[in-house]
Amino acid sequence: MDFGKNTDAQFMLLAGFIIGTGLVITTVMLNSLLFEGNMAVEAGNELSKDEIANLIMITQDEIRKAYKNSTDPGQNVSLKFNNFSNQMQNFSSNLSKIYAMYGESINVSWDIERWKSNQYANFTENGMAGGRPDWSVVEGVNASSVSIFRFTNTTFSITGFRIEARNSSNYTVWSGEFNSSGYKITNTTGTSYGNVSGQSIDLNSTSYYFKQSIPPGPVSLYFINGNNAYGKFQIQGTANGRTFYRERHFIINSTLSYYTSRLRANFTIPFSVPW
Amino acid sequence: MLRNDKAVSVSVGFMLMFAITVLVFTGLIISFYTLTQNSEKSAMRESFKILGEGLAIKITTVDTLINMTGRYSGTINTLEYEFSMPESIAAKSYSINITNSTNQIIMESDNGARIAVPFSTSVNFTRRNIYSGAGNYVLRYINNSIDIEER
C-alpha cells in the first residue's frame with residue numbers, strides 16, 4: 001500500500017477539523033450567551049438632583065419678587081398680602097403645568113403668617129431663631145460707598161448683638177455692639193457709648209463712627225450673635241466693584257412637593273424677604 | 001508489515017476506544033459545566049457591581065437632597081426614593097448588606113460571587129441586611145437617618 005497516494009481519509013480529516021472548529025465557535029458563543037443571559041440590567045432613569053435645586057431656587061426668586069412687587073412704594077398697602085398671594089398662585093399653577101410635561105408633579109404653597117403678624121426675622125444667617133448666629137453678610141465692601149446701613153424695628157436681647165467690619169487680614173477695624181440697654185462702638189479712632197433709642201439705628205450717622213473709622217481697603221461685614229436680635233436691616237453700597245443690596249424683613253415659609261414615579265419629596269424651606 | 005495483525009485484539013481495541021470516548025466525553029461535560037458555572041459567577045459579579053454602584057448613587061442622591069434642603073435651612077417632611085432590584089440574578093437569590101460602620105454595600109450569593117461597593121453619606125445611615133425576592137425597595141429619610149426598606 002502506498003501511503004503517499006492514499007487519500008481515502010482526507011474528507012474524514014476535513015470533517016473532523018470542521019467539527020472541531022465548530023465546537024470552539026459554539027463554545028465561545030455559548031459562553032457569551034450564558035454571560036449575557038445571566039446579567040441583570042436595571043431599568044429606570046436616575047433622578048436628577050438639579051431638578052429639585054432649580055425648584056428651590058426659582059421658588060426663592062419668585063417669593064422675593066412677589067414680596068418686592070407687593071411692597072414697593074406706590075403699591076396699595078392694604079392689598080399687599082392679596083397681591084403677593086396672587087403672584088405666587090400664578091407662579092405655582094404655571095410651574096405645575098411645566099413640570100407636568102416632563103411627567104413630574106409639583107406643588108408650591110406658602111405661609112405668610114409671620115409677615116401678617118409682623119414677626120421680624122432674626123439677624124441670623126437664615127433669619128430663623130435657630131440659624132447660624134455668626135455669619136458674613138457681605139465681603140469686599142468699600143466702606144465709603146455704603147449709602148444705607150440701617151436697622152429698624154429692632155429688638156436686642158440683654159446679651160447683645162455685634163456687627164464687625166474686618167479687613168483682609170481678618171482684623172476687626174470697627175465693631176458695634178448693641179443690647180437692650182445701649183450700644184458700644186469700638187473702632188480704630190475712638191469709642192462712643194449711647195443708648196439704643198426708637199428701635200432705629202442708622203450706622204451711617206456720625207455717632208457710630210462707621211464710615212469715619214474704617215481705613216481705605218475692602219472690609220467684610222459680619223453679624224455676630226445674630227440670634228440675640230431681630231428686626232429689619234438694610235445695607236447698600238459697593239463690594240468688589242459692584243453694587244450690593246442686603247435687606248431683610250420677614251421669613252416666609254414655603255412647602256414644596258415634588259413627585260415623580262420614583263421619588264416623593266415634601267419639604268418646607270424658610271425664605272427671607274426681600275433678600 | 002502493515003498487513004501484520006499479530007497482537008491486535010478486537011476486544012482490546014473496543015475497550016480502548018470505549019475508554020477514550022468516555023474520557024473525552026467526560027472531559028467535555030466537565031468543561032461545559034465549569035464554563036457555565038464560571039459564566040454564572042462572572043455574570044453575577046458584574047451584575048452586583050452595576051447594581052451596587054447604582055444603589056450607592058441612589059443613597060448619595062438622597063443624601064444630596066437632604067443636604068440641599070439643609071443648606072436652605074429647610075425641613076424635610078417626606079423623602080422617599082423607590083427603586084427596584086432583580087429578584088434573582090442568574091436564577092440565584094442574593095443578599096445585600098449595607099453597613100454603616102464601613103459604609104459599604106456588600107452583595108453576595110451562595111455560589112461565592114461577592115462584591116463590596118463603598119458609599120458615603122453626611123447623615124446617619126441605618127444598617128440593613130436585605131434579601132432579594134422583595135424586588136421593590138424604598139430609601140427613606142426618617143428620624144434624621146436614611147433607611148432602606150422593602151416596599
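The sequence lines fix the lettering, A, B, ..., with proteins before strands; numbering per chain opens at 1. When reading the values below, keep in mind they use all heavy atoms of this one structure, side chains included, and skip hydrogens, waters and symmetry mates.
Using a 4.5 Å cut-off between heavy atoms, Leu139(B) makes no contact with chain A at all. Contacts between Glu125(A) and chain B at a heavy-atom distance below 4.5 Å are absent for every atom of the residue. Residue contact with chain A, scored on non-hydrogen atoms closer than 4.5 Å, involves the side chain of Arg151(B) exclusively. Contacts of Thr255(A) with chain B are made by side-chain atoms alone, with heavy-atom separations under 4.5 Å and no backbone atom involved. Contact annotation for Leu256(A): neither backbone nor side-chain heavy atoms come within less than 4.5 Å of a heavy atom of chain B.
For His249(A) and Phe233(A), the ring centers sit 6.0 Å or farther from each other. Taking the six-membered ring where the residue is Trp, the centroids of Tyr81(B) and Tyr141(B) are separated by 6.0 Å or more. The aromatic ring centroids of Phe161(A) and Phe123(A) lie less than 6.0 Å from each other. For Phe156(A) and Phe178(A), the distance between ring centers is under 6.0 angstrom.
Classification of Arg264(A) and Glu82(B) as a salt-bridged pair holds, one side-chain N sitting under 4.0 Å from a carboxylate O.
Of the listed residues (Thr75(B), Leu79(B), Thr69(B)), the greatest number of heavy-atom pairs within a distance under 4.5 Å of chain A belongs to Thr75(B).
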